[in-house]
Number of protein chains: 2
Amino acid sequence: MRLLVAEDDKRIAEDVRTVLTAAGYAVDLTHSGQDAWFRGDTEDYGLVVLDLGLPGMDGISILKQWRMSGRHMPVLVLTARGSWAERVEGIDAGADDYLPKPFQFEELLARIRALIRRSVGHGAATIEVASLVVDTRTMRVVVDGMPLNLTPFEYRLVSYLAHHRGRVVPASELQDHVYGDDFSRDGNALEAMIARLRKKIGSDVISTRRGFGYVMGDSV
Amino acid sequence: MRLLVAEDDKRIAEDVRTVLTAAGYAVDLTHSGQDAWFRGDTEDYGLVVLDLGLPGMDGISILKQWRMSGRHMPVLVLTARGSWAERVEGIDAGADDYLPKPFQFEELLARIRALIRRSVGHGAATIEVASLVVDTRTMRVVVDGMPLNLTPFEYRLVSYLAHHRGRVVPASELQDHVYGDDFSRDGNALEAMIARLRKKIGSDVISTRRGFGYVMGDSV
DNA sequence: CAGCGCCTGTCAGCAAATTGTCAGCTTCTC
DNA sequence: GAGAAGCTGACAATTTGCTGACAGGCGCTG
């Protein structure tokens, strides 16, 4: 993981670099505001440690610029002790955390670990099968980039099949999952739903295994 | 957005609740460690404010328990001033931020805003969805440049949906976060509020996903 | 304290989307 | 080619959500 440390006090900067390097990070140093902004904007950092008191360009502005141009890496801001107004400002500008100076290196490390842990923790909860994408977080289904408007049962169907893609799912199992305890369905309700569903997602996404059940993806 | 405040000093707790409620959050209070753990483990909170000195169960343990059982809501830890060892421990146990006591309510608010923003993946203090802008700092909502006069509950609604824009939010989740502990979950109060809200912000900002819930932004 | 306005929950009726059923049709298997 | 399995379109029943009216509650003001 590559980090940027923007801090004009060169002694502190070097110390921080030493500690962070020892902790296993690749560390870039910079001492001016301009340079900090430019690097943060053009390079890909896993995290930035930003001192607000940089010469050349105000730290808050740098931060806002980054956020405005869509850079979302975690930023830990170093502030003067006690100036909580400054902290509020920094946080509202898009900082993910701050640390008042002077600080214990151990605490700096703990915070950096926490921020990184957080920033990589956003796993995409989507399942893709051919041109179909099921996003379980937003409960959306997209085919060829086009979002679909599925009904609740339709969604349960695709979702279940997508979760078990490549496996032939018996109709009875589908029934169980889609309808739960509700055994009031005698007729061909499921088949009707599959038909409606196919109209929306395309007829070739779910294939029928006569006598066995349905499959999504693979195992043509 | 629904918050849990775990703080045994009832005066502080009440003050915090007042401030947070005024800021548009639904706030649940608890004074014991056991209860804090139980609620955090079973309820769905957007954020938890956790005092480490709770009676009955150690704050750090509570936090670890939550994390081990997969609860990922942001946790802001309140610590005694100066004990940075405790902070490091707290952060490594899974805290997202800490605040030394005593603190300014304003700073508490800024940090809470920041944590929530971060946990839902936004960088800025204002959230824009189409022609609608939610400023979490001033608690103002603007549509097409025109500021709106929203009631407290209406604001909670838009705010929550805006924070989770693009995601289909189930009605039950909305209820939880708008009403918190208050179990008035009977009739169609939520629907009524949505209707009133739509009259103010325009009927196309929040779209209904029949059977799923409501979404703000990128509809179908 | 009475009066007033605002906020919010409840209710009932309405509108519309969803889904089961049915009948007839197609496709597959042997 | 016969029978079984699955598909489809139409229709009706049901479920779900919307809306307007109304009333209780709360705070504010005179």
Side-chain angles (χ1 to χ4, degrees), chain A residues 139 141 147-161 168-216 220, chain B residues 18 21-22 24-26 139 141 148-161 168-216 219-220:
Chain A
M139 300 205 298
V141 175
L148 299 181
N149 201 352
L150 298 187
T151 70
F153 278 7
E154 286 166 357
Y155 176 77
R156 284 196 217 168
L157 251 185
V158 218
S159 172
Y160 192 78
L161 287 175
V168 178
V169 181
S172 61
E173 186 183 333
L174 264 184
Q175 290 244 12
D176 281 354
H177 182 80
V178 173
Y179 295 124
D181 291 337
D182 240 347
F183 280 102
S184 64
R185 278 82 174 182
D186 273 1
N188 61 346
L190 194 74
E191 291 163 12
M193 283 226 335
I194 296 239
R196 284 192 278 254
L197 188 53
R198 278 180 170 149
K199 260 194 220 159
K200 294 187 181 178
I201 67 176
S203 56
D204 52 348
V205 180
I206 299 173
S207 46
T208 305
R209 281 287 175 298
R210 199 163 246 258
F212 294 102
Y214 299 90
V215 216
M216 181 177 283
V220 171
Chain B
T18 305
T21 304
Y25 301 105
M139 292 179 48
V141 176
L148 296 181
N149 205 353
L150 297 187
T151 69
F153 277 151
E154 284 166 357
Y155 175 77
R156 286 193 204 171
L157 249 187
V158 221
S159 170
Y160 192 79
L161 286 175
V168 178
V169 181
S172 59
E173 185 183 331
L174 263 185
Q175 290 241 8
D176 280 355
H177 283 271
V178 171
Y179 295 122
D181 268 347
D182 297 342
F183 275 66
S184 53
R185 41 179 66 231
D186 260 37
N188 59 347
L190 194 73
E191 290 164 15
M193 283 227 331
I194 295 242
R196 284 191 278 256
L197 188 54
R198 276 180 172 150
K199 264 191 214 160
K200 295 187 181 179
I201 66 177
S203 57
D204 51 348
V205 180
I206 299 173
S207 49
T208 304
R209 277 285 175 308
R210 203 161 240 262
F212 293 107
Y214 299 90
V215 218
M216 182 177 283
S219 62
V220 178

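A note on names: the letters A, B, ... follow the listed sequences, proteins ahead of strands, and every chain is numbered from 1.
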Interface polar pairs with nucleotides 26-28 of chain C, N/O, under 3.5 angstrom:
from	atom 1	to	atom 2	distance (Å)
C:dT27	O2	A:R210	NH2	2.9

Requested in this report: Check whether any side-chain nitrogen or oxygen of A:T208 sits under 4.0 Å from OP1 or OP2 of D:dA5, and answer yes or no.
Outcome: no
Requested in this report: Could you check if a side-chain atom of B:E154 sits within less than 4.5 angstrom of a side-chain atom of B:I201, using non-hydrogen atoms only?
Outcome: no
Report task. Nearest 0.5 Å please: distance from the CG atom of A:L157 over to the CD atom of A:Q175. Result -> 9.5 Å
Query raised in the report: Hey, which of these two, B:N149 or A:T151, hits DNA chain C nearer its 5' end, going by closest nucleotide?
Result: B:N149
Requested in this report: Would you kindly give the CZ-to-C1' distance between B:R209 and D:dT15, to the nearest whole Å?
Outcome: 19 Å
Requested in this report: Hey, can you tell me if B:Y160 and B:H177 have their rings parallel, tilted or perpendicular (30° and 60° cut-offs)?
Outcome: parallel
Query raised in the report: Distance-only, no hydrogens or angles: does the B:R209 side chain make a donor-acceptor pair with backbone N or O of B:V215 under 3.5 Å?
Result: no
Requested in this report: Measure the distance from CE on A:M193 to P on C:dA17 and round it to the nearest whole Å.
Outcome: 18 Å
Report task. Check whether the side chain of B:N188 and the base of D:dT19 form a donor-acceptor pair under 3.5 Å. Result -> yes
Report task. Please name the pair of heavy atoms, one in A:R198 and one in A:I206, separated by the smallest distance, quoted to 0.1 Å. Result -> NH2-O, 2.9 Å
Might you list the N or O atoms of the protein lying below 3.5 Å from N or O atoms in nucleotides 26-29 of chain D, with each pair's distance?
none

Report summary line: On a heavy-atom basis, the closest approach of B:R156 and B:V178 is NH1-O, 2.7 Å
Query raised in the report: Between B:L150 and A:A192, which is nearer to the 5' end of DNA chain C once each is assigned its nearest nucleotide?
Result: B:L150
**Report entry** Nearest-angstrom distance from the residue atom CG of B:L190 to P of C:dC11
**Finding:** 16 Å
Query raised in the report: Could you give the CG-to-P distance, from B:L174 to D:dT16, as a whole number of Å?
Result: 17 Å
Query raised in the report: Would you say B:Y179 reaches C:dG9's phosphate, i.e. side-chain N/O to OP1/OP2 under 4.0 Å?
Result: yes
Query - Euclidean distance, atom CD of residue A:E191 to atom C1' of D:dG9 [Å, nearest integer] - result: 14 Å
Query raised in the report: Over how many whole Å does the gap from B:F212 atom CZ to C:dA17 atom C1' extend?
Result: 13 Å
Query raised in the report: Separation of B:L148 atom CG from C:dC7 atom P, in whole Å?
Result: 13 Å
Requested in this report: Find the distance A:F153:CZ to D:dT15:C1' and express it as a whole number of Å.
Outcome: 10 Å
Report task. Please list, by residue number, the residues of residues 196-205 of chain A whose heavy atoms come closer than 4.0 Å to an atom of DNA chain D; answer none if no residue qualifies. Result -> A:R198, A:K199
Requested in this report: Would you tell me if any nitrogen or oxygen in the side chain of B:Y214 comes within less than 4.0 Å of OP1 or OP2 on D:dT16?
Outcome: no
Query raised in the report: Which value, rounded to the nearest 0.5 Å, describes the distance between B:L161 atom CG and B:I194 atom CD1?
Result: 6.5 Å
